[in-house]
Amino acid sequence: MAKIYSPSFPGTLCLCIFTLLTLMFIRVSARPATFVEDFKAAWSESHIRQMEDGKAIQLVLDQSTGCGFASKRKYLFGRVSMKIKLIPGDSAGTVTAFYMNSDTATVRDELDFEFLGNRSGQPYSVQTNIFAHGKGDREQRVNLWFDPSMDYHTYTILWSHKHIVFYVDDVPIREYKNNEAKNIAYPTSQPMGVYSTLWEADDWATRGGLEKIDWSKAPFYAYYKDFDIEGCPVPGPTFCPSNPHNWWEGYAYQSLNAVEARRYRWVRVNHMVYDYCTDRSRFPVPPPECRA
(Lines give C-alpha, C1' and ligand atoms only; values in the text may rest on other atoms or scores of the structure.)
Protein backbone atom coordinates (compact mmCIF):
# COMPACT_ATOMS: atom_id res chain seq x y z
CA MET A 1 0.00 0.00 0.00
CA ALA A 2 1.50 3.29 -1.04
CA LYS A 3 1.35 6.05 1.54
CA ILE A 4 1.90 9.29 -0.34
CA TYR A 5 3.15 12.35 1.47
CA SER A 6 1.51 15.57 0.33
CA PRO A 7 0.67 18.98 1.77
CA SER A 8 -2.83 18.88 0.29
CA PHE A 9 -5.88 17.94 2.36
CA PRO A 10 -9.56 17.85 1.27
CA GLY A 11 -12.07 20.37 2.48
CA THR A 12 -11.79 23.86 3.91
CA LEU A 13 -9.08 24.17 6.53
CA CYS A 14 -7.89 27.03 8.62
CA LEU A 15 -4.66 28.74 7.60
CA CYS A 16 -2.78 27.42 10.63
CA ILE A 17 -3.43 23.79 9.66
CA PHE A 18 -2.51 24.48 6.05
CA THR A 19 0.77 26.05 7.17
CA LEU A 20 1.53 23.03 9.33
CA LEU A 21 0.88 20.68 6.45
CA THR A 22 3.33 22.54 4.26
CA LEU A 23 6.02 21.80 6.81
CA MET A 24 5.14 18.24 7.76
CA PHE A 25 3.49 15.58 5.61
CA ILE A 26 0.31 13.84 6.67
CA ARG A 27 -0.18 10.23 5.67
CA VAL A 28 -3.07 9.56 3.32
CA SER A 29 -5.85 7.62 5.01
CA ALA A 30 -5.35 3.88 5.01
CA ARG A 31 -7.07 1.97 2.23
CA PRO A 32 -7.11 -1.70 1.17
CA ALA A 33 -3.65 -2.74 0.06
CA THR A 34 -4.36 -4.37 -3.26
CA PHE A 35 -1.91 -5.12 -6.02
CA VAL A 36 -3.72 -3.18 -8.74
CA GLU A 37 -3.81 0.08 -6.78
CA ASP A 38 -0.05 0.51 -6.70
CA PHE A 39 1.37 -1.94 -9.25
CA LYS A 40 1.04 -3.16 -12.81
CA ALA A 41 2.41 -6.05 -14.82
CA ALA A 42 5.79 -5.26 -16.36
CA TRP A 43 5.99 -8.36 -18.54
CA SER A 44 4.14 -11.66 -19.06
CA GLU A 45 0.94 -10.57 -17.38
CA SER A 46 -0.53 -14.03 -17.97
CA HIS A 47 2.00 -15.40 -15.46
CA ILE A 48 0.88 -13.02 -12.67
CA ARG A 49 -2.17 -14.28 -10.81
CA GLN A 50 -4.11 -12.29 -8.25
CA MET A 51 -5.25 -13.99 -5.06
CA GLU A 52 -7.27 -13.02 -1.98
CA ASP A 53 -9.24 -10.35 -3.86
CA GLY A 54 -6.05 -8.73 -5.11
CA LYS A 55 -4.34 -8.54 -1.73
CA ALA A 56 -1.82 -11.22 -2.76
CA ILE A 57 -0.34 -12.40 -6.04
CA GLN A 58 1.40 -15.45 -7.44
CA LEU A 59 4.28 -15.20 -9.93
CA VAL A 60 4.83 -18.15 -12.27
CA LEU A 61 7.98 -19.31 -14.04
CA ASP A 62 7.81 -22.07 -16.65
CA GLN A 63 9.80 -22.99 -19.74
CA SER A 64 8.00 -20.40 -21.81
CA THR A 65 8.71 -17.36 -19.65
CA GLY A 66 9.03 -15.75 -16.25
CA CYS A 67 7.25 -12.54 -15.31
CA GLY A 68 7.50 -9.29 -13.40
CA PHE A 69 5.60 -6.33 -12.03
CA ALA A 70 6.37 -2.67 -11.32
CA SER A 71 4.96 0.16 -9.26
CA LYS A 72 2.82 2.69 -11.08
CA ARG A 73 4.84 5.55 -9.60
CA LYS A 74 8.44 6.32 -8.76
CA TYR A 75 9.66 7.50 -5.37
CA LEU A 76 12.59 9.49 -4.03
CA PHE A 77 13.59 8.26 -0.55
CA GLY A 78 11.39 6.32 1.86
CA ARG A 79 10.77 2.69 2.71
CA VAL A 80 9.34 -0.16 0.65
CA SER A 81 8.51 -3.64 1.87
CA MET A 82 6.74 -6.82 0.79
CA LYS A 83 6.00 -10.18 2.28
CA ILE A 84 7.28 -12.92 0.00
CA LYS A 85 7.06 -16.72 0.09
CA LEU A 86 9.73 -18.20 -2.16
CA ILE A 87 9.81 -21.26 -4.41
CA PRO A 88 9.82 -24.50 -2.38
CA GLY A 89 11.88 -27.61 -3.04
CA ASP A 90 14.35 -27.72 -5.90
CA SER A 91 14.54 -24.12 -7.12
CA ALA A 92 18.10 -24.19 -8.48
CA GLY A 93 18.70 -21.75 -11.33
CA THR A 94 15.76 -19.50 -10.49
CA VAL A 95 15.93 -15.94 -9.21
CA THR A 96 13.16 -14.12 -7.41
CA ALA A 97 13.99 -10.42 -7.25
CA PHE A 98 12.59 -7.46 -5.31
CA TYR A 99 14.27 -4.15 -6.08
CA MET A 100 14.12 -0.44 -6.74
CA ASN A 101 15.34 0.92 -10.06
CA SER A 102 15.59 4.37 -11.65
CA ASP A 103 14.89 2.83 -15.08
CA THR A 104 17.53 5.02 -16.70
CA ALA A 105 19.62 3.59 -19.51
CA THR A 106 23.21 4.44 -18.53
CA VAL A 107 23.46 6.30 -15.22
CA ARG A 108 21.33 3.86 -13.26
CA ASP A 109 20.50 3.77 -9.57
CA GLU A 110 19.27 0.44 -8.22
CA LEU A 111 18.79 -1.33 -4.87
CA ASP A 112 18.47 -5.12 -5.21
CA PHE A 113 17.23 -8.12 -3.29
CA GLU A 114 17.86 -11.25 -5.39
CA PHE A 115 16.82 -14.59 -3.90
CA LEU A 116 18.91 -17.33 -5.45
CA GLY A 117 17.32 -20.74 -5.86
CA ASN A 118 18.88 -23.90 -4.47
CA ARG A 119 18.88 -27.66 -4.58
CA SER A 120 16.59 -29.21 -1.99
CA GLY A 121 18.10 -29.19 1.46
CA GLN A 122 20.55 -26.36 0.79
CA PRO A 123 20.02 -22.93 2.33
CA TYR A 124 18.45 -20.16 0.31
CA SER A 125 20.83 -17.25 -0.22
CA VAL A 126 19.91 -13.64 -0.85
CA GLN A 127 22.18 -11.38 -2.88
CA THR A 128 22.02 -7.62 -2.42
CA ASN A 129 23.52 -5.11 -4.79
CA ILE A 130 23.65 -1.32 -5.02
CA PHE A 131 24.00 0.76 -8.15
CA ALA A 132 24.80 4.45 -7.67
CA HIS A 133 25.31 6.84 -10.59
CA GLY A 134 25.58 3.88 -12.96
CA LYS A 135 28.18 1.96 -10.94
CA GLY A 136 27.25 -1.42 -9.48
CA ASP A 137 29.36 -4.53 -8.74
CA ARG A 138 28.64 -4.19 -5.02
CA GLU A 139 27.31 -7.70 -4.38
CA GLN A 140 26.97 -9.29 -0.98
CA ARG A 141 25.39 -12.68 -0.26
CA VAL A 142 23.83 -13.97 2.93
CA ASN A 143 22.43 -17.43 3.63
CA LEU A 144 19.00 -17.08 5.16
CA TRP A 145 18.67 -18.66 8.62
CA PHE A 146 15.18 -20.05 7.90
CA ASP A 147 13.34 -21.72 5.04
CA PRO A 148 11.76 -18.79 3.14
CA SER A 149 9.53 -21.14 1.16
CA MET A 150 7.59 -22.37 4.21
CA ASP A 151 5.91 -19.07 5.04
CA TYR A 152 5.83 -15.38 4.21
CA HIS A 153 8.70 -13.20 5.45
CA THR A 154 9.04 -9.42 5.23
CA TYR A 155 11.77 -7.89 3.07
CA THR A 156 12.36 -4.16 3.36
CA ILE A 157 14.51 -1.46 1.76
CA LEU A 158 14.99 1.77 3.75
CA TRP A 159 16.45 4.63 1.70
CA SER A 160 17.24 7.95 3.34
CA HIS A 161 19.79 10.73 2.95
CA LYS A 162 21.94 9.03 5.60
CA HIS A 163 22.00 5.39 4.55
CA ILE A 164 20.39 2.46 2.76
CA VAL A 165 19.43 -0.57 4.84
CA PHE A 166 18.19 -3.97 3.66
CA TYR A 167 16.07 -5.79 6.25
CA VAL A 168 14.83 -9.37 6.52
CA ASP A 169 12.05 -9.55 9.13
CA ASP A 170 13.42 -6.38 10.77
CA VAL A 171 16.94 -7.86 10.88
CA PRO A 172 19.38 -5.63 8.97
CA ILE A 173 21.51 -7.69 6.60
CA ARG A 174 23.21 -4.79 4.85
CA GLU A 175 23.89 -1.11 5.44
CA TYR A 176 25.33 1.29 2.86
CA LYS A 177 26.13 4.72 4.24
CA ASN A 178 26.07 8.02 2.38
CA ASN A 179 29.72 9.01 1.98
CA GLU A 180 29.28 11.59 -0.78
CA ALA A 181 31.51 13.91 1.26
CA LYS A 182 34.30 11.44 0.46
CA ASN A 183 33.41 11.42 -3.26
CA ILE A 184 31.69 8.04 -3.01
CA ALA A 185 28.59 7.69 -5.18
CA TYR A 186 25.22 7.52 -3.43
CA PRO A 187 21.73 7.60 -4.99
CA THR A 188 20.25 10.99 -4.11
CA SER A 189 18.69 12.52 -7.22
CA GLN A 190 16.92 9.89 -9.32
CA PRO A 191 13.50 8.59 -8.28
CA MET A 192 13.13 4.83 -8.40
CA GLY A 193 10.24 2.51 -9.09
CA VAL A 194 9.57 -0.68 -7.14
CA TYR A 195 9.87 -3.94 -9.07
CA SER A 196 9.78 -7.68 -8.68
CA THR A 197 10.58 -10.46 -11.13
CA LEU A 198 10.74 -14.26 -11.26
CA TRP A 199 13.07 -15.51 -13.96
CA GLU A 200 15.55 -18.13 -15.18
CA ALA A 201 19.19 -17.39 -14.37
CA ASP A 202 20.83 -20.80 -14.29
CA ASP A 203 23.93 -19.43 -16.00
CA TRP A 204 24.98 -17.85 -12.68
CA ALA A 205 22.40 -18.06 -9.89
CA THR A 206 23.15 -21.38 -8.15
CA ARG A 207 26.77 -22.26 -7.40
CA GLY A 208 27.96 -19.90 -10.10
CA GLY A 209 25.87 -21.61 -12.78
CA LEU A 210 26.89 -25.19 -11.98
CA GLU A 211 23.34 -26.08 -10.94
CA LYS A 212 20.81 -25.85 -13.77
CA ILE A 213 17.05 -25.57 -13.64
CA ASP A 214 15.25 -28.92 -13.47
CA TRP A 215 12.31 -28.11 -15.71
CA SER A 216 10.56 -31.31 -14.65
CA LYS A 217 9.85 -29.45 -11.40
CA ALA A 218 8.20 -26.54 -13.24
CA PRO A 219 6.11 -24.49 -13.00
CA PHE A 220 7.76 -22.58 -10.16
CA TYR A 221 5.74 -20.25 -7.93
CA ALA A 222 6.55 -17.28 -5.70
CA TYR A 223 3.92 -15.49 -3.62
CA TYR A 224 3.59 -11.86 -2.51
CA LYS A 225 1.35 -9.88 -0.19
CA ASP A 226 1.26 -6.83 2.11
CA PHE A 227 2.70 -4.39 -0.42
CA ASP A 228 3.81 -1.26 1.42
CA ILE A 229 5.39 1.87 -0.01
CA GLU A 230 6.06 4.97 2.09
CA GLY A 231 7.94 7.67 0.27
CA CYS A 232 7.95 10.82 -1.81
CA PRO A 233 6.18 10.23 -5.13
CA VAL A 234 7.65 11.72 -8.29
CA PRO A 235 5.97 13.64 -9.79
CA GLY A 236 4.73 15.05 -6.51
CA PRO A 237 5.49 17.80 -4.01
CA THR A 238 8.95 19.02 -4.99
CA PHE A 239 10.01 19.72 -1.43
CA CYS A 240 9.09 16.26 -0.13
CA PRO A 241 12.45 14.53 -0.85
CA SER A 242 14.41 17.17 1.08
CA ASN A 243 11.97 17.53 3.97
CA PRO A 244 13.79 16.66 7.22
CA HIS A 245 10.44 15.92 8.88
CA ASN A 246 9.87 12.79 6.81
CA TRP A 247 9.90 9.99 9.37
CA TRP A 248 12.65 8.01 7.59
CA GLU A 249 14.94 11.03 7.95
CA GLY A 250 14.37 11.21 11.71
CA TYR A 251 17.14 10.80 14.23
CA ALA A 252 16.00 7.28 15.15
CA TYR A 253 16.50 6.14 11.54
CA GLN A 254 19.81 7.84 10.74
CA SER A 255 21.82 4.85 11.94
CA LEU A 256 21.25 1.34 13.24
CA ASN A 257 20.10 1.30 16.84
CA ALA A 258 21.80 -0.91 19.44
CA VAL A 259 19.52 -3.92 18.84
CA GLU A 260 19.84 -3.62 15.07
CA ALA A 261 23.62 -3.30 15.34
CA ARG A 262 23.82 -6.55 17.33
CA ARG A 263 21.62 -8.35 14.81
CA TYR A 264 23.66 -6.94 11.96
CA ARG A 265 26.90 -8.25 13.46
CA TRP A 266 25.26 -11.64 14.02
CA VAL A 267 24.28 -11.85 10.35
CA ARG A 268 27.71 -10.76 9.14
CA VAL A 269 29.55 -13.24 11.37
CA ASN A 270 27.28 -16.26 10.98
CA HIS A 271 25.51 -16.01 7.64
CA MET A 272 27.49 -13.91 5.18
CA VAL A 273 28.97 -16.04 2.39
CA TYR A 274 30.25 -13.37 -0.01
CA ASP A 275 31.32 -9.74 0.28
CA TYR A 276 32.74 -7.87 -2.68
CA CYS A 277 34.77 -5.75 -0.28
CA THR A 278 36.94 -8.75 0.60
CA ASP A 279 37.14 -10.28 -2.89
CA ARG A 280 40.75 -9.54 -3.81
CA SER A 281 40.49 -11.47 -7.08
CA ARG A 282 37.99 -8.90 -8.33
CA PHE A 283 39.25 -5.90 -6.38
CA PRO A 284 42.96 -6.07 -5.49
CA VAL A 285 42.44 -2.63 -4.00
CA PRO A 286 39.18 -2.50 -2.04
CA PRO A 287 36.65 -0.04 -3.49
CA PRO A 288 36.55 3.32 -1.70
CA GLU A 289 33.21 2.71 0.01
CA CYS A 290 34.65 -0.42 1.63
CA ARG A 291 37.53 1.58 3.08
CA ALA A 292 35.21 4.41 4.17
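Since this is a predicted model, take the numbers as computed values, not measurements.
- Ring planes of Tyr155 and Phe113: perpendicular class, angle over 60° (limits at 30 and 60°).
- If you take OH on Tyr274 and CE on Met272, they are separated by 10.5 Å, rounding to the nearest 0.5 Å.
- Counting only distance, with no hydrogens or angles, the side chain of Thr156 and the backbone of Ser81 share no donor-acceptor pair below 3.5 Å.
- When each of Phe115, Phe166, Tyr195 is tested with Tyr99 by the rule ring pair (Phe, Tyr, Trp, His ring centres under 6.0 Å), just one qualifies, namely Tyr195.
- Proximity of Leu111 to Met192: side-chain heavy atoms (C-beta onward) are separated by under 4.5 Å at one or more points.
- Asp103 has its side chain within reach of Lys74: a pair of non-hydrogen atoms, C-beta onward, lies under 4.5 Å apart.
- Between the side chain of Asp202 and the backbone N or O of Gly209 there is no donor-acceptor pair closer than 3.5 Å.
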request  = Quick one: do Gln58 and Ile48 satisfy side-chain contact (heavy atoms from CB on, under 4.5 Å)? Show the steps, please.
outcome  = CA-CA 6 Å; Gln58 177 194 67; Ile48 301 174; over 6 Å; no
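- Linking Ile, Leu, Val, Met, Phe, Trp and Tyr whenever their side-chain heavy atoms come within less than 4.5 Å puts Leu76 and Val194 in one cluster.
- Taking 4.5 Å as the limit, some side-chain heavy atom of Arg280 sits within range of a side-chain heavy atom of Pro286.
- In Lys212, the NZ atom is crowded: over 12 heavy atoms of neighbouring residues, nucleotides or ligands sit closer than 6.0 Å.
- To the nearest 0.5 Å, the span separating NE2 on His271 from CD1 on Ile173 amounts to 11.0 Å.
- Between the CG atom of Asp90 and the CD1 atom of Ile213 there is a distance of 9.5 Å, given to the nearest 0.5 Å.
- Within 6.0 Å of CZ on Arg119 lie more than 12 heavy atoms contributed by other residues, nucleotides or ligands.
- The shortest distance between side-chain heavy atoms of Met100 and Trp159 falls below 4.5 Å.
- Distance check, rounded to the nearest 0.5 Å: CG of Asn257 to CZ of Arg263 gives 8.0 Å.
- Across every non-hydrogen atom of Glu249 and Asn243, the tightest pair is CG-O, 4.0 Å.
- Between the side chain of His133 and the backbone N or O of Tyr186, at least one donor-acceptor pair lies under 3.5 Å.
- Between Ile130 atom CD1 and Ile164 atom CD1 the span is 5.0 Å, to the nearest 0.5 Å.
- Cation-pi check for Lys85 over Tyr223 is met; the charged atom lies under 6.0 angstrom from the ring centroid and within 45 degrees of its normal.
- Less than 6.0 angstrom separates the ring centroid of Phe69 from the ring centroid of Tyr224.
- Lys225 places no side-chain N or O within donor-acceptor distance of the main-chain N or O of Met82, the cut-off being under 3.5 Å.
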key: Steps toward side-chain contact (heavy atoms from CB on, under 4.5 Å) verdict (Val267, Val171)   = CA-CA 8 Å; Val267 169; Val171 176; 3.6 Å; yes
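- A pairwise comparison of heavy atoms in Ile57 and Met51 identifies C-SD, 4.0 Å as the closest pair.
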inquiry  = side-chain hydrogen bond (donor to acceptor under 3.5 Å, both in side chains), that's the test. Do Ser91 and Tyr124 meet it? Break it down for me.
reply    = CA-CA 9 Å; Ser91 57; Tyr124 246 103; 3.2 Å; yes
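- Cluster annotation: Tyr167 and Trp145 are assigned to the same hydrophobic cluster (Ile/Leu/Val/Met/Phe/Trp/Tyr, side-chain heavy-atom contacts under 4.5 Å, transitive).
- Of the possible polar contacts, one joining the Ser44 side chain to the Gly66 backbone as a donor-acceptor pair under 3.5 Å is found.
- Without hydrogens or angle criteria, Asp169 side chain to Thr154 main chain gives a donor-acceptor distance under 3.5 Å.
- Because its NZ or CZ atom is both nearer than 6.0 Å to the ring centre of Phe131 and within 45° of the ring axis, Arg108 counts as a cation-pi partner of that residue.
- Between Asn178 and Thr188, the closest side-chain pair of non-hydrogen atoms falls below 4.5 Å.
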task = Quick one: do Thr128 and Glu139 satisfy side-chain contact (heavy atoms from CB on, under 4.5 Å)? Show the steps, please.
result = CA-CA 6 Å; Thr128 57; Glu139 301 93 345; over 6 Å; no
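- Residues Glu175 and Leu256 meet the side-chain proximity criterion, which asks for heavy atoms closer than 4.5 Å.
- Between Asp62 and Pro219, the closest heavy-atom pair is CB-CB, 4.3 Å.
- Counted by atom type alone, Arg141 and Ser125 present zero donor-acceptor pairs between their side chains at under 3.5 Å.
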Candidate pair Phe77 and Trp248, rule ring pair (Phe, Tyr, Trp, His ring centres under 6.0 Å), full reasoning = CA-CA 8 Å; Phe77 301 110; Trp248 54 84; 8.2 Å; no
task = Go through the steps to decide whether Thr94 and Leu61 satisfy the test side-chain contact (heavy atoms from CB on, under 4.5 Å), and finish with yes or no.
result = CA-CA 9 Å; Thr94 69; Leu61 168 65; 3.7 Å; yes
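- Closest approach of Val273 and Val142 over heavy atoms only: CG2-N, 4.3 Å.
- Asn270 contributes a side-chain N or O that, together with a main-chain N or O of Trp266, makes up a donor-acceptor pair within less than 3.5 Å.
- By the 4.5 Å heavy-atom criterion applied to side chains, Val168 and Leu144 are counted as neighbours.
- Under the 4.5 Å side-chain heavy-atom criterion for ILVMFWY residues, a single connected hydrophobic cluster contains both Val80 and Val36.
- Here the side chain of Ser71 pairs a donor or acceptor atom with the backbone of Arg73 at under 3.5 angstrom.
- When the shell of 6.0 Å around CD of Gln50 is examined, it contains more than 12 heavy atoms from other residues, nucleotides or ligands.
- Look at Lys135 and Glu289 and you find no salt bridge, because none of the NZ, NE, NH1 or NH2 atoms lies under 4.0 Å from a carboxylate O.
- Here the shortest heavy-atom pairing between Arg138 and Asn129 reads N-OD1, 2.9 Å.
- Between the side chain of Asp170 and the main chain of Pro172, no donor-acceptor pair closer than 3.5 Å is present.
- By the rule that hydrophobic residues join a cluster once side-chain heavy atoms approach within less than 4.5 Å of another member, Val126 and Trp199 end up as members of separate clusters.
- Among all heavy-atom pairs drawn from Ser242 and His161, the shortest one is CA-CE1, 4.3 Å.
- In this structure, the side chains of Leu198 and Val60 stay at 4.5 Å or more apart for every pair of heavy atoms.
- Not less than 6.0 angstrom separates the ring centroid of His163 from the ring centroid of Tyr176.
- Asp275 and Arg268 are joined by a salt bridge, as a carboxylate oxygen and a charged side-chain nitrogen come within less than 4.0 angstrom of each other.
- Between the Asp109 side chain and the Pro187 main chain, no donor and acceptor come within less than 3.5 Å of each other.
- If you chain together hydrophobic residues whose side chains sit under 4.5 Å apart, Tyr221 and Leu116 never meet in one group.
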